[in-house]
Amino acid sequence: MTTTTPAQRDTGSKTRRPVAEPPVPHTESEALASVESAEPVGIPTSRGMARAVLSSVAQPKPLAREAARLGRSTVRILRGTEEIAPSPRDKRFADPAWSANPGYRRLAQSYLAVTGSLNGLVDAYEADGADWREVEQARFVLNAFTSALAPTNTLLGNPAALKRAFDTGGRSLLRGVGHMLHDLRHNGGLPTQTDRSAFTVGENLGISPGAVVHRDEVIELIQYTPTTARVRQRPLVIVPPPIGRFYFLDLRPGRSLVEYAVSRGLQVFMISWRNPTKEQADWGLDTYAQRVVDAIGIASDITGSPDVTTLGLCAGGQVMTTALNHLAATADDRVHAAGYAVTLLDFSSRAPLGAFSGPRLLDLARRNSSRRGVISARDMGSVFSWMRPDDLIFNYLANQWLLGEDPPAFDILAWNADGTNLPARLHEQFLEIFGKNALVRAGELRVLGTPVHLSRITVPTFVTGALTDHLTPWDGCYRTTQLLSGPSTFVLSYSGHIQSLVNPPGNPKAHYWTGGEPGPDPQAWRATAERHTGSWWEPWAEWMLERSGDEVPAPSTQGSAAHPPLEAAPGSYVRDLVPR
């Protein structure tokens, strides 16, 4: 499935250029839509991407065609007869001056004509049979270029900023310069996305009650306090991504997957990964998968249950898979059922991330992280910001640097800015999974001394994807149902990557699809799927409850004699504190 949105083909037509909406978050749901995931790629651009761009724009016939089209459009723009206009959803051009002022109207039309022609060249390159990865590379670079080229990124080209400067007597400009200088010094030159000072982990984020019941050099394991009189005997172990803090699953009351799961009578245990430094550069899949196995054993020991259920999210699902493979290979049946949320195991499907899958790009990323010992959260965050530059870079630039506004304060944006590092060894192995599709190639990887064969995993699985997820496309997530050997249930959520995860019931706009037994064709599954109002959390919880054993009295305390409580949730590792 093609996940990119083609730009306007004919710049002289009345077709409006579609853009992402909204570029500036004003509500919690919009902030969720603006967040990127911390998938472990972290790859800079290189000469390979430059070659892809040159190949796409240097085709003689398409270049001549787009040049002629742009010339005709330019003539119409100068005459005032051009009908091209920004999409009503493109908030960059929401100010009335863009339609009422002849000069600004022509400026906007010129910008749209140029970007439309450039995107037309990439479309022609794709139509000519270019490899889809090279097409995605060209789109990535040109999208960043055309977003940076927007007139709204300059003071004179932004009528709203000029009006604000006039109305405030220039004070907005002074505030904007202050923001810009701060970001140049402290944020790698990119505009700050959010005011993190409004939030503190453990005070108004990640506040579900519980206790750390295990700590080693890699993880803390949190057991959450039950909120029901009776609970299911079989505990749930959640495996979050190894980059990024786990508390996006426990943002605050009313928007917490942990809170919801506990309210349904599940006994919830959460892995909290330590933020590694260069001293932990050698931590790899063996290190992380072993901690998943350890967490399963500890949760089983504390609850007295012989087995557990699990839930892996994003890259955490990949780590969980290697642990499940090892357990299956060693005839260890301590996992009864497993859930996957927006997790790719098969990277053969087309996705914008394919722009970073070239061998030279992967080698460059591997050498960078090996030299530094870790790949930093800032490096990875920058890559994903440039994948959606209108939403994640330039709207903040316009608001904070030009309009002089303060960064917005949203909990999910605060979490998104609270990144963690990835150790070099784990990064190298993730790149192998990404570049060589190593998880689905039987025996390509060995984790905990066991060759990875996905077909070896026979536990029942609950798999989710998100309809507009451009990082882990839903049909790629669907592939998990075919790669593992156990019975599988698939649920498709609306929205994007993180928005699908922070998705509590009660939102009247939220919906999801359920269907029959997943077959080989994801589109065939969707064609017969039934739409429901609500959150995928609801069918997931029902599925988990059916596989979580009998009801037993809720424990009155956390931990056990062998695993006593060490401190209250959310623990120390999520706050980078030195363990006590």
Side-chain angles (χ1 to χ4, degrees), residues 1-7 9 18 20-21 33 37 39 122-123 126-136 139 312-314 317-318 321 338-355 357 387-388 433-434 437 439-441 454-455 457 460-501 503 509-540 543:
M1 182 180 72
T2 301
T3 58
T4 54
T5 302
R9 303 295 196 271
E21 182 195 19
S37 166
E39 292 293 329
V122 178
D123 294 338
E126 180 176 13
D128 197 41
D131 180 80
W132 69 266
R133 293 172 181 81
E134 292 186 357
V135 174
E136 292 298 343
R139 289 196 191 281
L313 302 105
C314 313
Q318 297 170 8
T321 298
Y340 286 88
V342 291
T343 296
L344 280 182
L345 301 183
D346 185 347
F347 282 87
S348 63
S349 300
R350 179 167 185 170
L353 275 176
S357 61
M387 289 185 70
R388 293 175 58 191
I433 291 171
F434 176 58
N437 210 13
L439 274 178
V440 303
R441 298 172 62 183
L454 296 185
S455 61
I457 300 171
T461 54
F462 185 98
V463 181
T464 72
L467 185 64
T468 59
D469 188 342
H470 70 291
L471 292 175
T472 57
W474 77 267
D475 52 352
C477 296
Y478 179 96
R479 276 281 292 151
T480 297
T481 67
Q482 308 301 302
L483 295 170
L484 310 183
S485 296
S488 191
T489 299
F490 184 77
V491 172
L492 176 61
S493 175
Y494 90 118
S495 73
H497 193 81
I498 293 298
Q499 192 173 9
S500 73
L501 300 178
N503 189 14
K509 295 182 179 180
H511 51 275
Y512 61 92
W513 289 264
T514 62
E517 181 178 351
D521 186 354
Q523 299 300 336
W525 178 92
R526 187 183 174 195
T528 59
E530 180 181 0
R531 173 173 163 159
H532 309 268
T533 299
S535 166
W536 68 267
W537 291 8
E538 297 165 281
W540 166 77
W543 187 92

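Because only heavy atoms are used, hydrogens play no part in the values below, and waters and symmetry mates are left out as well, while side chains stay in.
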S.K.: In Å and rounded to the nearest 0.5 Å, what is the CZ to CG distance from Arg479 to Leu454?
M.R.: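 Separation between the atoms: 9.5 Å.
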
S.K.: Hey, what do you get for OG1 (Thr321) to CD1 (Ile433), rounding to the nearest 0.5 Å?
M.R.: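 So the gap between those two atoms works out to 9.0 Å.
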
S.K.: Phe434 versus Leu344: any side-chain heavy-atom pair under 4.5 Å?
M.R.: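 Phe434 vs Leu344: side chains apart.
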
S.K.: Side chains of Ser500 and Asn503: any donor to acceptor distance under 3.5 Å?
M.R.: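 Checked: Asn503/Ser500 side chains show no N/O donor-acceptor pair below 3.5 Å.
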
S.K.: Shortest non-hydrogen contact from Ala341 to Leu501?
M.R.: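 Looks like CB-CD2, 3.7 Å.
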
S.K.: Looking at residues at least two apart in the chain, or sitting in another chain, which of them share a side chain to side chain contact (heavy atoms under 4.5 Å, CB included) with Ala524?
M.R.: Asp521

S.K.: Please give me the minimum heavy-atom distance between His497 and Leu471, naming the atom from each residue.
M.R.: ND1-CB, 4.2 Å

S.K.: What heavy-atom pair brings Pro518 and Gln482 nearest, and what distance separates the two atoms?
M.R.: O-NE2, 3.3 Å

S.K.: Contact between Glu126 and Arg139 at the side-chain level, heavy atoms closer than 4.5 Å - yes or no?
M.R.: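 Contact flag for Glu126/Arg139 side chains = yes.
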
S.K.: Is Arg441 salt-bridged to Asp346, going by a charged N under 4.0 Å from an acidic O?
M.R.: no

S.K.: Looking at His511 and Arg531, what are the two nearest heavy atoms and their distance?
M.R.: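 So the two residues come closest at ND1-NH2, 3.4 Å.
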
S.K.: What's the shortest heavy-atom distance between Trp513 and Ala529, and which atoms?
M.R.: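 Closest approach of Trp513 to Ala529, heavy atoms only: CB-CB, 4.0 Å.
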
S.K.: Considering only heavy atoms from C-beta outward, does the side chain of Leu467 approach that of Arg526 to under 4.5 Å?
M.R.: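 Yes, close enough: below the 4.5 Å cut-off.
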
S.K.: Aromatic rings Tyr478 and Phe490: how do their planes relate, parallel, tilted or perpendicular, breaks at 30° and 60°?
M.R.: perpendicular

S.K.: With sequence neighbours left out, write down each residue that passes side chain to side chain contact (heavy atoms under 4.5 Å, CB included) with Thr480, or none if nothing qualifies.
M.R.: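 Checked Thr480 against side chain to side chain contact (heavy atoms under 4.5 Å, CB included); matches are Tyr340, Leu345, Val463, Leu484.
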
S.K.: Flag the pair Tyr494 / Thr468 as yes when at least one side-chain heavy-atom distance between them is below 4.5 Å, and no otherwise.
M.R.: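 Result no, sub-4.5 Å side-chain heavy-atom pair not found.
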
S.K.: So do the side chains of Val491 and Trp540 get within less than 4.5 Å of each other, counting heavy atoms only?
M.R.: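 Result no, sub-4.5 Å side-chain heavy-atom pair not found.
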
S.K.: Aromatic ring centroids of Trp536 and Tyr512 under 6.0 Å?
M.R.: no

S.K.: Measure the spacing between CZ of Phe347 and OG1 of Thr472 and express it to the nearest 0.5 Å.
M.R.: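 So the gap between those two atoms works out to 8.5 Å.
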
S.K.: Is there a donor-acceptor contact under 3.5 Å linking the side chains of Thr461 and Ser488?
M.R.: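 Yes, a side-chain donor-acceptor pair sits under 3.5 Å.
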
S.K.: As an exercise, state the distance from OG of Ser493 to CH2 of Trp537, rounded to the nearest 0.5 Å.
M.R.: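 Answer rounded to 0.5 Å: 10.5 Å.
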
